[in-house]
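Predicted model only: the values in this text are computed from it and were never measured. Proteins come first, then strands; the chains are lettered A, B, ... in the order of their sequence lines, and each starts at number 1.
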There are 2 protein chains.
Amino acid sequence: MSTPALTPTGRVILGMIALGRQTGYDIKQFVDKSTRHFWAASYGQIYPELRRLEDAGLITGQSEPTGGRARTVYELTDAGRAALGDWLEPEPDAIFEVRDESMLKLFFSDLGTSEQRIRNIRAMREAHEQTLAQLCSLEAKSEGHLHEGPGLTLELGIGLHRGIVEWCAATERRLAEEPPDAG
Amino acid sequence: MSTPALTPTGRVILGMIALGRQTGYDIKQFVDKSTRHFWAASYGQIYPELRRLEDAGLITGQSEPTGGRARTVYELTDAGRAALGDWLEPEPDAIFEVRDESMLKLFFSDLGTSEQRIRNIRAMREAHEQTLAQLCSLEAKSEGHLHEGPGLTLELGIGLHRGIVEWCAATERRLAEEPPDAG
DNA sequence: AAATGCATGTAAGACGTTACATGATTTT
DNA sequence: AAAATCATGTAACGTCTTACATGCATTT
């Protein structure tokens, strides 16, 4: 028999606490700086989920105010470590979901003008160039840790966004060379 | 002033009807064969959303049974064409979301063994190899339409999944060469 | 006769974001 | 004195998946 399944947000929270993140606020900040590009979380999920994880006995929280400011510090229980260890095991049906509105617009772009299609690809490229720049600035700060988990996902994320940017650039050139209405 | 905003599932439905898909069932089948890898939709969303779009005056449905089997056929109204045209315009803040559980496991993989990390990357590669194979078989069927919308998104999807597969393969080799515990 | 495909739909629950609300501490 | 940061939380709403239920038509 195995430990009960973690909810989606529970997974990232448990992992973050295992990495030493202590408060809901702390977890949120760190998620935004590290896993956001492949696994996001909002306060509206995090705080209720911390309660549920505590009720389930996977974490324990202690009130540790800073001056007059309320603050709850969490750590893993043995059950929490076990649940995290179970979840960490590879599985063939792990979640992989993409929702890309620019690609959807591109998919339907035969319904618009060819000029609109090119502008859509350009907007797409610019958005991914921004994300790429953010990821690259993170990489610069984490020199020498590229064989560790966070370094590996960062490297993969950079590769993916760079791939999209390059495909967009190449496609922009290709479409510009083509006759606008070759039926 | 502009047309009212489309819901997420409304976007793909309106576009699919514009492409000639007539029934909810038809839309679902086609989504699964074309946009699924970057924009999915389920029956539980599609049928209620068809009602809402009709109530909003963006599509009209007619009952056209096949023998004794109920069947409702939809088409766009002028308002629907206008709403679709508006949405088709590029926007810098278009939705782009990824949720990749294998990457999350990889991110936290310092908490497990290095052998587990490699198995995780292998599982990840195998999953994406499957998706890649499916996309490639679609590409084989759509020869000569690669400058049209669906061809472009298919090409991009293939590139992305191929990129992931290659990164996994390269990283598997790299990690196999490394000492298992170089602190 | 059975299996597959066509076709529609709902109900329950899980999941998620956004906006709002509050207030202390620290930095500028 | 103001702005930014630390810190917690909720309510409303939007969205989505899953599982279930039904039944005809076509193919094997």
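- A/Ile46 has its CD1 atom 12 Å from the C1' atom of D/dA7, to the nearest Å.
- Rounded to whole Å, the distance from CD1 on B/Ile95 to P on D/dG14 is 15 Å.
- With the nearest nucleotide of DNA chain C identified for both A/Gln45 and B/Thr66, B/Thr66 has the one nearer the 5' end.
- Once rounded to the nearest 0.5 Å, the distance linking CG of B/Leu156 with CH2 of A/Trp167 reads 5.0 Å.
- Counting any heavy atom pair closer than 4.0 Å across all strands shown, B/Gly44 reaches a base atom.
- For A/Asp26 and D/dG9, the CG to P distance is 15 Å, given to the nearest whole Å.
- Between A/Arg11 and B/Tyr47, the one whose closest nucleotide on DNA chain C sits nearer the 5' end is B/Tyr47.
- Atom CD in B/Glu54 sits about 15 Å away from atom C1' in C/dG9, given to the nearest Å.
- Judged purely by distance below 3.5 Å, without hydrogens or angles, the side chains of B/Thr7 and B/Glu49 pair a donor atom with an acceptor atom.
- Rounded to whole angstrom, the span from the CZ atom of B/Arg52 across to the P atom of D/dT15 amounts to 8 Å.
- In terms of position along DNA chain D, the nucleotide closest to B/Thr9 lies nearer the 5' end than the nucleotide closest to the other residue of the pair B/Thr9 and B/Arg69.
- The separation between A/Lys28 atom NZ and C/dT18 atom P is 9 Å, rounded to whole Å.
- Using a 4.0 Å heavy-atom cutoff across all strands shown, B/Gly24 reaches sugar-phosphate atoms only and no base atom.
- Between A/His161 and B/Phe96, the ring planes are perpendicular. Angles over 60° get that label, and only those under 30° would be called parallel.
- Considering only side-chain atoms of A/Ala40, the nucleotide from D/dT18, D/dA7, C/dT17 that sits closest is C/dT17.
- Between B/Ser42 and D/dC16, a side-chain N or O to OP1/OP2 separation shorter than 4.0 Å is absent.
- One atom, OH of B/Tyr25, and another, C1' of D/dC24, lie 13 Å apart when rounded to the nearest Å.
- Side-chain atoms of B/Lys28 never come within 3.5 Å of backbone atoms of B/Ile46 as a donor-acceptor pair (strictly under, hydrogens ignored).
- The shortest distance between the side-chain N/O atoms of B/Tyr43 and the OP1/OP2 oxygens of C/dG9 is not below 4.0 Å.
- Shown are B/Arg119, B/Arg117, B/Gln116; of these, the side-chain hydrogen bond (donor to acceptor under 3.5 Å, both in side chains) with B/Ser109 is made only by B/Arg117.
- For the pair A/Arg51 and D/dG9, the criterion of a side-chain N or O lying under 4.0 Å from OP1 or OP2 is met.
- Residue B/Glu49 contributes atom CD, which lies 8 Å from atom P of D/dT15 at whole-angstrom precision.
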